[in-house]
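Worksheet for the structure shown next.
All values reported here derive from a predicted model rather than from experimental measurement. Only heavy atoms go into these numbers, but all of them, side chains included; no hydrogens, no water, no symmetry mates.
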Amino acid sequence: MAFIPPTGSDTIPFVIKVNNPYGGTTKAPTIKAEFWKEGEQTSSAGHAATVTQLTDLANSTPAPTPPASPVEVKGTIPVSSSDKPTTASGKWTLKVTVTPDGATTPVDSKETTFEVKAATRVNGASVSPNPVTLKSGKEVDVFVAFELEKSGDEKVTDVRLESKSYDDYFSLSTGLETDGKSYHDSAAFDYSTSTGSWQLKITVTRGSKTYSFVKGFEVRKSGSSKATSKIKMTASPTKVKKGKTTKLSGKVYRGSTGWNKKIMKLYFKKKGSSKWSFVGYVGSNSSGKFSKTVKPKYTGYWRLSATGTSSTYGSYSNYKLVTVK
């Protein structure tokens with residue numbers, strides 16, 4: 001099943017059988033794949049698709065003894081969230097041509113059409129109330145609602161309300177209403193619930209793909225005059241050779257402005273491990289901006305922590321994965 005991703009880009013795999021790809025030679029043939037989106041004329045130049053050489057055939061020459069015809073050609077077609085879905089008026093078209101080594105004329109050309117369905121969408125996601133105001137000795141009911149726009153075999157596999165800074169979350173049900181698209185559930189927050197930035201996270205699976213949709217909201221305490229804080233961090237580059245460095249930079253906020261001269265703790269977690277290790281300290285300037293150069297030994301995650309004060313809540317930054325080659 002082919003469909004458009006809700007965000008970013010993806011690929012659509014294809015397998016097509018061709019006859020007599022070697023044309024009497026024992027060398028790898030030239031394989032070309034191109035495609036046309038709905039509404040595009042196949043008489044015009046197509047978009048390039050990525051081709052994997054014939055099954056069980058090395059990409060070297062001379063090639064092994066050719067298998068019997070027909071043989072399979074595999075590849076992928078790029079697709080992005082900006083593409084339009086197929087309508088009843090037509091479909092996408094794929095064309096694969098195979099030309100034997102040294103030949104100028106293809107020995108086989110296969111053309112096929114296929115449907116590309118609309119992207120999975122989550123509409124009208126809401127958290128009420130927003131902000132959530134916690135009250136001492138009382139529970140606050142937090143209501144969640146959204147609508148799943150289905151275009152295939154989508155299933156809601158996880159719904160949760162989670163803190164962006166702490167390991168604090170509420171798991172909700174995954175069932176839809178009887179109309180098959182509407183969702184409603186709630187969770188009870190008490191005074192011990194973490195404050196700060198939270199998000200509603202909806203996880204949907206479709207075929208072999210998994211997508212997450214998020215909606216942010218705030219949690220506060222009644223009568224508190226404390227300001228919230230947050231840390232935004234980037235890593236550049238995110239892929240480094242062993243012995244090379246990467247720069248962690250960003251900004252720490254107190255409320256909506258930069259947190260002046262804030263000293264933060266830097267942590268690292270090796271990929272595959274569950275333990276965070278303290279690495280050192282990082283300080284911000286007068287506008288809240290910070291920068292730290294590190295030399296990773298292992299592939300893993302980095303994050304910063306801003307300790308709370310009597311007037312400001314603490315927070316953690318987002319995680320950043322740095323791969324060491």
Side-chain angles (χ1 to χ4, degrees), residues 7 127 130-134 161-169 189 191-201 212 214-271 273-325:
T7 59
V127 178
N130 182 18
V132 178
T133 302
L134 306 177
L161 299 168
E162 59 183 19
S163 169
K164 291 184 178 181
S165 302
Y166 302 97
D167 295 327
D168 198 357
Y169 68 91
F189 283 36
Y191 204 66
S192 66
T193 303
S194 301
T195 56
S197 296
W198 281 62
Q199 66 183 17
L200 162 63
K201 184 177 181 181
S212 292
V214 296
K215 173 75 173 182
F217 66 100
E218 291 291 322
V219 177
R220 303 172 182 171
K221 283 188 176 180
S222 175
S224 173
S225 59
K226 276 192 175 186
T228 59
S229 67
K230 63 181 177 181
I231 308 169
K232 293 184 177 181
M233 184 180 72
T234 62
S236 181
T238 56
K239 294 181 179 179
V240 298
K241 292 183 178 180
K242 197 166 186 178
K244 298 298 182 179
T245 62
T246 187
K247 184 168 74 173
L248 307 175
S249 59
K251 189 171 182 178
V252 56
Y253 295 84
R254 181 183 183 274
S256 59
T257 59
W259 199 342
N260 176 32
K261 304 295 183 180
K262 179 61 178 176
I263 302 299
M264 297 167 287
K265 293 180 179 180
L266 178 63
Y267 294 90
F268 174 76
K269 181 175 71 171
K270 189 175 180 181
K271 189 174 182 180
S273 172
S274 60
K275 181 182 179 181
W276 287 94
S277 299
F278 172 72
V279 176
Y281 294 96
V282 179
S284 69
N285 63 16
S286 58
S287 62
K289 293 183 180 180
F290 62 85
S291 178
K292 175 75 171 180
T293 299
V294 296
K295 186 183 293 185
K297 293 182 179 180
Y298 311 101
T299 296
Y301 300 89
W302 298 83
R303 73 173 178 180
L304 284 167
S305 167
T307 304
T309 67
S310 59
S311 61
T312 309
Y313 290 109
S315 62
Y316 285 95
S317 73
N318 50 311
Y319 302 167
K320 277 300 175 182
L321 174 65
V322 177
T323 302
V324 178
K325 300 177 182 178

K270 atom NZ: more than 12 heavy-atom contacts under 6.0 Å: no
Gap between atom CZ of R220 and atom OG1 of T195 - 0.5 Å precision: 10.5 Å
Euclidean distance, Y313 OH relative to S229 OG, rounded to 0.5 Å: 10.5 Å
Interatomic spacing from CZ in R254 to CH2 in W259 - rounded to 0.5 Å: 7.0 Å
Contact check, side chains of T238 and T323, non-hydrogen atoms, under 4.5 Å: no
Check: Y319 ring centroid to W276 ring centroid under 6.0 Å: yes
Close side-chain approach of N318 to K320, heavy-atom, < 4.5 Å: yes
S291 vs K247 side-chain heavy atoms within contact, under 4.5 Å: yes
NZ on K164 to OG on S315, rounded to 0.5 Å: 11.5 Å
OG-NZ distance between S256 and K230, expressed to the nearest 0.5 angstrom: 8.5 Å
Output field: ring centroids F189/W198 closer than 6.0 Å: yes
G255 to A227 - nearest heavy-atom pair and separation: N-CB, 4.4 Å
Any K201 side-chain heavy atom under 4.5 Å of V214 side chain: yes
Distance, nearest 0.5 Å, that separates CG of L304 from NZ of K232: 15.0 Å
Geometric cation-pi criterion, K271 with Y298: 6.0 Å, 45°: no
Side chains of L266 and V294 in contact at under 4.5 Å (non-hydrogen atoms): yes
Residue pair Y281 / K292, side-chain heavy-atom distance below 4.5 Å: no
Any S197 side-chain heavy atom under 4.5 Å of T228 side chain: no
N/O donor-acceptor pair under 3.5 Å between T299 side chain and V324 backbone: yes
Atom NZ of K269 with >12 non-hydrogen neighbours under 6.0 angstrom: yes
D168 side chain near T193 side chain, heavy-atom distance below 4.5 Å: yes
Y267 and F278 aromatic ring geometry - parallel, tilted or perpendicular at 30°/60° bounds: perpendicular
Neighbour count >12 (heavy atoms, 6.0 Å) for atom CZ, F217: yes
Any donor-acceptor pair under 3.5 Å from S284 side chain to K262 backbone: yes
Worked verdict on T245 versus V240 for side chain to side chain contact (heavy atoms under 4.5 Å, CB included): CA-CA 7 Å; T245 62; V240 298; over 6 Å; no
Shortest non-hydrogen contact between Y191 and K221, atoms and distance: O-CE, 3.2 Å
